[in-house]
2 protein chains.
Amino acid sequence: MSTAAKTAVNPAKPAGKRIRRTAEEARRLILDAAEKRLAQQGPEGLRLQDIARDIGISHPAILHHFESREGLVRALIARANTQLRDTMLTALGGGHTNADASDHIGHVFEALSDRGTARLLSWLLLTGRATENSTTHNIMGEIVDALQLRRAEYAQKTGKPTPDKEDTLFMAMLTANAAFGEAIVGRQLAEAVGLDQDGIKRFRNWFAKLLNEHWDGVK
Amino acid sequence: MSTAAKTAVNPAKPAGKRIRRTAEEARRLILDAAEKRLAQQGPEGLRLQDIARDIGISHPAILHHFESREGLVRALIARANTQLRDTMLTALGGGHTNADASDHIGHVFEALSDRGTARLLSWLLLTGRATENSTTHNIMGEIVDALQLRRAEYAQKTGKPTPDKEDTLFMAMLTANAAFGEAIVGRQLAEAVGLDQDGIKRFRNWFAKLLNEHWDGVK
DNA sequence: CCAAGTACTGACATTGTTGTCAATATAATT
DNA sequence: AATTATATTGACAACAATGTCAGTACTTGG
């Protein structure tokens, strides 16, 4: 009986200007927006509709580029990982041939805690999603190796014995832990004890110095 | 009109044994289950139906005890905070009159990273829910004060000058950051570099020793 | 043993979010 | 200019999660 007249949609289609990006551009835009929301509002702020609204597109567009929400998350993980590795390696590698290692560790520290990278990765780890990802594996290994190399050079130059590799590993681990911790509780903690931005800077310097002392003075 | 015959529900009510707890017991049970799920599966694992299923009740029961999901979360925050403070203060206060401060810091470290407390708090911080809570405020302040006191005593006993309070603050901050970091990335990092449980223990000892050296050797 | 209070449940309402689909607009190519 | 490819959209479908409600069963106090 009343089966018909259901296909009629909207007779008036005024037609609008539509921004059309390249797939790559669109993906980048979406990932940026997603990352921002994640860093600002935490895990529960990752809703397709919100992200879409943030950049003025419709949410199916996101689905078009990433298949599913899960796909978006995966892409987010992948990008965060490569970004992290790049930042880390340049922080360790480029130019600073003469600087000591605690300086390098400081760079690693900043690479981790700056931007939302650490927060993002923290969430991924909290949700248990980054388990299968082996990138962390390689990163940590590379860093420790690089550090150990520098320490060996430094030790030879100053005539001291080459430090134990586990000691280097622990320095790197402490740095990573502290950096992640700062990314999460840093702001809270800082304002809890009345530290301003400059105080945080002093803290980082203090930490670098602590590592330096240890670097020089290890048995 | 077919308005009637809609009130008829289930004619057969076999009646079943029903477990009835005291309100307090029920609340504790629910909070435990919620905490467990949060620690295991992260933020997205906090669904009323799941929690209810875990302990064999219906999800409206949870709502009955906590008003709303938000109420449950609040209760979770409150309990985590008091638990944390209690653990911290006993770790700092009781009995260890002669132990040095890095030992105390070790206790704080473990109090934070043991159980799921740090993970739980991390999630709360990541979602920005613990902002208004002033407990962190007091905790951190108390700890730093207590530490500073011990350092002053220690300094006087060994004839050294009383160390700067900011130095103590930074030691506490580093410890907190590292503990939180370890709670989140610790396991990942450890297995990434091939550290077993014993290795993690060695790392903690190493860290305590590092703080000890600094404690003694500060200018 | 009766009554009152309340922990608890099943069914339903409501809302919000992901995902699907056909249609449309825009850029690139011929 | 016409054709092809695809980025984009609005409307709808499907589902999941919180919340509501009337009614049920257990405990306690008289």
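In what follows, chains are A, B, ... by sequence order, proteins preceding strands, each numbered from 1.
- Between B:R21 and B:A26, the closest heavy-atom pair is CB-N, 4.2 Å.
- A salt bridge links B:R53 with B:D50; the closest basic N to acidic carboxylate O contact falls under 4.0 Å.
- For B:Q49, whose side chain is taken as the heavy atoms from C-beta onward, the closest listed nucleotide among D:dT8, C:dT17, D:dA17 is D:dA17.
- Positionally, the nearest nucleotide of DNA chain C for B:R21 lies more toward the 5' end than for the other of B:R21 and A:I19.
- The residue B:L48 sits close only to the backbone: its heavy atoms come under 4.0 Å of sugar-phosphate atoms, none of a base.
- Few gaps surround CD on A:E70; more than 12 heavy atoms of other groups in view lie less than 6.0 Å from it.
- Counting non-hydrogen atoms under 4.0 angstrom, A:S68 reaches the backbone sugars and phosphates but no base.
- Salt bridge annotation for B:D54-B:K36: absent, with no cationic side-chain nitrogen under 4.0 angstrom from a carboxylate oxygen.
- One can place CZ of B:R69 at 17 Å from P of D:dA16, the figure rounded to the nearest angstrom.
- Residue B:H64 places at least one side-chain N or O closer than 4.0 Å to OP1 or OP2 of C:dA7.
- Computed from coordinates, the A:L29 CG to D:dT8 C1' distance equals 14 Å when rounded to whole Å.
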- Give the C-alpha distance, both sets of side-chain angles, the deciding distance and a yes or no for side chain to side chain contact (heavy atoms under 4.5 Å, CB included) between B:T175 and B:F207. CA-CA 9 Å; B:T175 307; B:F207 180 55; 4.1 Å; yes
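- One can place CZ of B:R53 at 11 Å from P of D:dT18, the figure rounded to the nearest angstrom.
- Comparing D:dT27, D:dA17, D:dG10 against the side chain of B:R20 picks out D:dT27 as the nearest.
- Here C:dA7 presents its P atom at 12 Å from CD of B:E67, a figure rounded to the nearest Å.
- In this structure, A:H59 reaches the bases: a heavy-atom distance under 4.0 Å links it to at least one base atom across the strands shown.
- The side chain of A:R18 contributes no N or O atom lying less than 4.0 Å from OP1 or OP2 of D:dT9.
- Atom pair B:L63:CG and C:dG10:C1' shows a separation of 14 Å (rounding to whole Å applied).
- Rounded to whole angstrom, the span from the CZ atom of B:F66 across to the P atom of D:dG19 amounts to 13 Å.
- With distances taken from any side-chain atom of A:P60 to the nucleotides C:dC8, D:dA7, D:dG10, the minimum falls on D:dG10.
- Across the protein-nucleic acid pair, B:R47 atom CZ and C:dT17 atom P stand 14 Å apart, rounded to whole Å.
- One interatomic measurement links the two molecules: CD of A:E25 to P of D:dT6, which rounds to 17 Å at whole-angstrom precision.
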